[in-house]
Undergrad: 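Let me begin by handing over the structure; questions about it come next.
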Amino acid sequence: MEFDRSRTDFREVLLDIYDRLDAHFGDLHWWPADDPFEVMVGAILTQNTAWTNVEKALASLKKTGALTPEALLNIPEETLAELIRPAGYYHLKAARLKAFIQFFTDNYSGHVEKMQQEEWPVLRTKLLGVWGVGPETADSIVLYACEKPLFVIDAYTRRIFFRHQFAPEKMHYDALQGLFMDHLPHDASFFKQYHALIVNTAKHFCRKAPRCDGCPLKSLKPPYEPAGVKQ
DNA sequence: GTCCGGTTTA
DNA sequence: TAAACTGGAC
């Protein structure tokens, strides 16, 4: 099956989807965190993990005063692992946090402001070089911690856009990202809200077992499909 | 393709 | 009791 994204009004389709979701959910104020550093730590902790469990891990880090670059640099990895245990994959994530903090300290002296001064394509490449940081984690940090206009793709984005037949199921991360980046204005606040809306939509309606009742996208037509054709 | 994993949700 | 959870490395 061909996925025709060449039509000139694909931008209008993406904006239509945004408007529908924004009207339904309103301003979601993502990413939920006290500061950019907490966003970065949360981005690693939330890898394949429910956010409610990440909140517990972040709470225990705060409670013990460990949620600073200096503290995380010096804390023993095993101690860190126990603190973040509720987030799951805790041995793995302790190692990943350590790798990221080392990078953050070496390159930006542990200052988010210095990181924010980096050109985002450069920053993204550097982040992808850190062990434990893949495309979604890197882009979450670039967008939500550094306020740079980069569209974040996740499993929810894939699910929703595949089901509505805008993209093949296993479309590569960068290709799917390009679908948004090539057709939408590069605005950080807009991208933040769009991704947040996608996550909410997937949690409420576009679950693994779909609940299309009441979904703002229920009446959405695939861009290439003639109106009225039943799937 | 497999492994990492405690916790919540259905 | 099983599925799912704001992935990434090997």
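In the text below, chain A, chain B and the rest are named by the order of the sequence lines, each starting its count at 1.
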Undergrad: What is the distance from NZ of K203(A) to C1' of dT6(C), rounded to the nearest Å?
TA: 7 Å
Undergrad: Return the value, rounded to whole Å, for the distance between atom CD of Q193(A) and atom C1' of dT6(C).
TA: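 Whole-Å distance recorded here is 15 Å.
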Undergrad: Answer yes when R159(A) and E169(A) have at least one side-chain N-carboxylate O distance shorter than 4.0 Å, and no when they do not.
TA: no
Undergrad: What I want to check is whether the side chains of R85(A) and S60(A) have a donor and an acceptor closer together than 3.5 Å.
TA: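 No, S60(A) and R85(A) have no side-chain donor paired with an acceptor closer than 3.5 Å.
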Undergrad: Taking the same atom, P, in dG5(B) and in dC10(C), what whole-Å distance lies between them?
TA: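 One P to the other, the span is 15 Å.
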Undergrad: Once you apply a heavy-atom cut-off of 4.0 Å, does V54(A) come out as touching a base, just sugar-phosphate, or nothing?
TA: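 Nothing, no heavy atom under 4.0 Å.
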Undergrad: Scan W30(A) against the nucleic acid and name what it touches under 4.0 Å (heavy atoms): base, sugar-phosphate only, or nothing.
TA: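 W30(A): base contact, heavy atoms under 4.0 Å.
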Undergrad: Scan nucleotides 1-10 of chain B nucleotide by nucleotide, 5' to 3', and note B when protein non-hydrogen atoms come under 4.0 Å of the base, S if they reach only the sugar-phosphate, - if neither.
TA: ---BBBBS-S
Undergrad: Output yes when D182(A) and R11(A) qualify as a salt bridge under the 4.0 Å nitrogen-oxygen rule, no when they do not.
TA: no
Undergrad: Check the distance between dC5(C)'s C1' and L45(A)'s CG and give it to me in whole angstrom.
TA: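 In whole Å, dC5(C) C1' lies 14 Å from L45(A) CG.
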Undergrad: Would you mind reading off the distance between K208(A) atom NZ and dA3(C) atom P, rounded to a whole angstrom?
TA: 9 Å
Undergrad: On the 0 to 90° scale, with breaks at 30° and 60°, tag the Y194(A)-F180(A) ring pair as parallel, tilted or perpendicular.
TA: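 Y194(A) vs F180(A) ring planes: perpendicular.
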Undergrad: Rounded to whole angstroms, how far apart are CD on E55(A) and P on dT6(C)?
TA: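 Atom CD in E55(A) sits about 10 Å away from atom P in dT6(C).
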Undergrad: Quantified in whole Å, what is the C1' atom distance between nucleotide dC4(B) and nucleotide dC5(C)?
TA: 14 Å
Undergrad: Sticking with atom P, work out how far dT2(B) lies from dA3(C), rounded to a whole angstrom.
TA: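 Pairwise P distance, dT2(B) against dA3(C), rounds to 16 Å.
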Undergrad: What is the distance from CZ of F100(A) to P of dG7(C), rounded to the nearest Å?
TA: 17 Å
Undergrad: Assess, by modelled atom type and distance only, whether the side chains of D139(A) and Y173(A) contain a donor and an acceptor separated by less than 3.5 Å.
TA: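 Y173(A) and D139(A) do have a side-chain donor-acceptor pair below 3.5 Å.
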Undergrad: What is the ring orientation for H204(A) with F25(A), classed by angle as parallel under 30°, tilted 30 to 60°, or perpendicular over 60°?
TA: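 Aromatic pair H204(A)/F25(A) classed tilted.
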Undergrad: Expressed as a whole number of Å, how far does the C1' atom of dA9(C) sit from that of dT7(B)?
TA: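 One C1' to the other, the span is 24 Å.
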Undergrad: Select one nucleotide: of dC10(C), dG8(C), dT6(C), the one nearest the side-chain heavy atoms of W131(A).
TA: dC10(C)
Undergrad: Expressed as a whole number of Å, how far does the P atom of dT8(B) sit from that of dG8(C)?
TA: 24 Å
Undergrad: Would you indicate what R159(A) reaches in the nucleic acid, counting non-hydrogen atoms under 4.0 angstrom: base, sugar-phosphate, or nothing?
TA: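 Sugar-phosphate, no base atom in range.
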Undergrad: To the nearest Å, give me how far apart CH2 (W51(A)) and P (dG7(C)) are.
TA: 11 Å
Undergrad: Without decimals, in angstroms, what is the distance between Y173(A) OH and dT6(C) P?
TA: 16 Å
Undergrad: Y108(A) and side chain to side chain donor-acceptor pair (under 3.5 Å): which single residue from E118(A), Q117(A), E113(A), K114(A) fits?
TA: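 Among E118(A), Q117(A), E113(A), K114(A), the one meeting side chain to side chain donor-acceptor pair (under 3.5 Å) with Y108(A) is E118(A).
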